[in-house]
Amino acid sequence: MKVRISTQTTGGITRDATGAETYGTVVALAESPLRKGFLFAGTDDGRTWISRNDGGEWEELTDRFPGVPAGTYVRRLEPSSHDANTFFVAFDGHRTNDFTPYLFMTTDGGRSFRSIAGDLPTGGPDFVHVIRQDLRNPQLLFVGTDVGAYVSTDGGAHWQKFMAGLPTVPVHDLKIHPRDRELIAATHGRSIWIVDIAPLQEMTDQVMTAEAYLFQPRPGLQFGNPPIGGESTGNLLFQVPSPGYGAEIAYHIGGRGFEARTRAQLTIQDGAGQVVFRTAGPATPGLHKLSWNYRTQGPPPPPKTEEQIQDSIRAVQRVNEMVDSMVAAGSDREQLEQARDMILSGSLQGMAAGVAGGGGGGGGAGGRRDPLAFVDRPAESLSAGGRGGGAAFTPEMRALTQAARPISGAGMPGAGGARGGGGQAPLAGAGEYTVILKVGDREYRQPLIVHRGPDAGESGGFPEDLR
């Protein structure tokens, strides 16, 4: 009837400027990236078609989607990049007050379809706009809906929200960047959003059940000097938090996890096998990320003289005697021993450098406050010149720090450490490195590539693969 009115009664002029009353408009069209001429089409009146000969002949699939009401808008067609016979179809029924998420998948070239809507929310003001299959991991799927985004790591059997930092907003389209391993979301009224999905692309069943797993790091980029004091890097400043300066490293710990005191050890070696950086991270279950700011460990300290060795031994004895004396005076032994261990290992070198020459300080908390507790505005309480003491660095900790200064391994200013009196170690150069994750008695390795940006002190601009 609608077609007859538009083509005969009105002489071909439709009564709606959009032509919507005629229906039959192709609103979704895609070609398989694996098979030339294998086409998929969907219309706004709920009909789906495929052609295996570049449009020469079409086969209708409309009656192969169980549970989808007739006439439901075909919202998106997604051919697989992994299998030519696999593609996905999303339907949108909100125009008829149907907010059910309709998602279907075929693995036999369209002969049959099964629903993969799984546990996507139903009954609310939500519906599907787009579905995308990851380019590297066929089990990794992303969905954009009218209220946000969802992800599935098991081919659509289960879904969960994927909106850390993304506002509640319609996501009309999704794109996966093949080189940068990022998901790009186009929203209604809230611009473009980008998120790193590299670890998810490697999140297979084997990774999920493994005791631990080190993900392939993305190439690092050194873009000039690191920003200091809130300075901007200029050409890398967007209307989002500026990118962090460093190479991001991600790893996964299995569901069983490790003992509470176990730490994951991360080591970075250069091409010659020399250690340039070492740090520790959590070994609790889940996905963890750390960043390397390209600073090296610095050259090893010169060998200790016999006199320095004796000074170090006496300093350790003196520190232990001071801890016992402070405990006898009423201080908490556990807190003091924890602070002592951190000072001797160099973990508090930054705090020690800020107060080593600061004098007696004032106030304090009588030695009974946790020396590692959170402190509001810590820069004021740790400033040099005797203002401090304060809540974070108690007189007891100050005294222990002073007593430990002769110990070369404690990282104290003037102790002859690798940093040269508290200065920064040199930056590592561009090149190929190896990241080593050690958890328990197991070790995992991945290569890491570091590039130099155009403003990082070398001529030649971006490397070819980053332009």
Side-chain angles (χ1 to χ4, degrees), residues 1-4 6-8 12 14 18-93 95-96 100-118 127-144 152 155-157 172-179 183-184 186 201:
M1 179 65 178
K2 295 173 182 176
V3 174
R4 182 179 64 80
S6 65
T7 58
Q8 299 178 21
T14 65
T18 64
E21 75 271 22
T22 64
Y23 290 94
T25 302
V26 175
V27 291
L29 183 65
E31 181 180 25
S32 169
L34 302 177
R35 185 183 302 172
K36 184 178 180 180
F38 193 16
L39 306 179
F40 311 88
T43 65
D44 57 357
D45 59 351
R47 303 178 73 176
T48 54
W49 309 77
I50 63 170
S51 173
R52 293 177 172 84
N53 57 1
D54 208 15
E57 295 176 313
W58 289 90
E59 176 187 358
E60 186 170 3
L61 314 175
T62 306
D63 59 352
R64 303 177 190 179
F65 300 93
V68 179
T72 304
Y73 193 101
V74 181
R75 192 64 177 88
R76 195 62 58 111
L77 298 165
E78 169 76 348
S80 173
S81 297
H82 303 274
D83 175 31
N85 288 318
T86 297
F87 66 94
F88 306 83
V89 184
F91 294 89
D92 171 9
R95 294 167 181 81
T96 56
T100 305
Y102 295 114
L103 280 177
F104 289 85
M105 174 184 181
T106 180
T107 56
D108 54 17
R111 284 188 287 272
S112 63
F113 288 84
R114 62 180 178 88
S115 173
I116 58 169
F127 49 92
V128 174
H129 286 296
V130 58
I131 179 172
R132 295 293 183 203
Q133 183 186 40
D134 185 66
L135 301 177
R136 296 172 179 249
N137 183 350
Q139 292 296 103
L140 182 60
L141 304 177
F142 299 96
V143 158
S152 173
H172 286 299
D173 206 355
L174 294 169
K175 180 71 174 180
I176 298 170
H177 200 294
R179 181 197 67 198
L183 179 70
I184 306 167
Q201 291 180 326

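All figures in this text were calculated on a predicted structure; none of them were measured in a lab. Because only heavy atoms are used, hydrogens play no part in the values below, and waters and symmetry mates are left out as well, while side chains stay in.
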Does the side chain of [Y] come within less than 4.5 Å of [X]'s, by heavy atoms?
X: F127; Y: H129; answer: yes
X: F91; Y: V74; answer: yes
X: Q133; Y: P138; answer: yes
X: W49; Y: V26; answer: no
X: D54; Y: K36; answer: no
X: E78; Y: R132; answer: yes
X: D108; Y: N85; answer: no
X: T106; Y: L61; answer: no

Requested in this report: List for me each residue that meets salt bridge (Lys or Arg N to Asp or Glu O under 4.0 Å) alongside R35, sequence neighbours excluded, and say none if there are none.
Outcome: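 Not a single residue meets the salt bridge (Lys or Arg N to Asp or Glu O under 4.0 Å) criterion with R35.
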On a heavy-atom basis, which atom in [X] and which in [Y] lie closest, and how many Å separate them?
X: N137; Y: D134; result: N-OD2, 2.8 Å
X: P178; Y: R136; result: O-NH2, 3.6 Å
X: D83; Y: T107; result: OD2-O, 4.2 Å
X: A41; Y: W58; result: CB-CZ3, 3.8 Å
X: V89; Y: L77; result: CG2-CD2, 3.6 Å
X: I116; Y: G155; result: CG2-O, 3.9 Å

Requested in this report: Would you please indicate yes or no on a ring centroid separation below 6.0 angstrom for F113 and F87?
Outcome: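 Judged by ring-centre distance (under 6.0 Å), F87 and F113 do meet the cut-off.
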Would you say the side-chain atoms of [X] pair up with the backbone N or O of [Y], donor to acceptor, closer than 3.5 Å?
X: D92; Y: R75; value: no
X: S32; Y: L34; value: yes
X: S51; Y: E57; value: yes
X: S80; Y: H82; value: yes

Query - Those residues that, when tested against F104, pass ring-ring contact (aromatic ring centres under 6.0 Å, His included) (two or more places apart) - result: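 F104: ring-ring contact (aromatic ring centres under 6.0 Å, His included) contacts with F65.
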Query raised in the report: When you look at T48 and F40, which way does the side-chain contact (heavy atoms from CB on, under 4.5 Å) test go after all the steps?
Result: CA-CA 8 Å; T48 54; F40 311 88; over 6 Å; no
Measuring from [X]:[atom1] to [Y]:[atom2], what's the distance to the nearest 0.5 Å?
X: D173; Y: I184; atom1: CG; atom2: CD1; result: 10.0 Å
X: F88; Y: L103; atom1: CZ; atom2: CG; result: 9.5 Å
X: L183; Y: L140; atom1: CG; atom2: CG; result: 9.0 Å

Query raised in the report: What do the steps show when you test M105 against L141 for side-chain contact (heavy atoms from CB on, under 4.5 Å), and what is the final call?
Result: CA-CA 11 Å; M105 174 184 181; L141 304 177; 5.7 Å; no
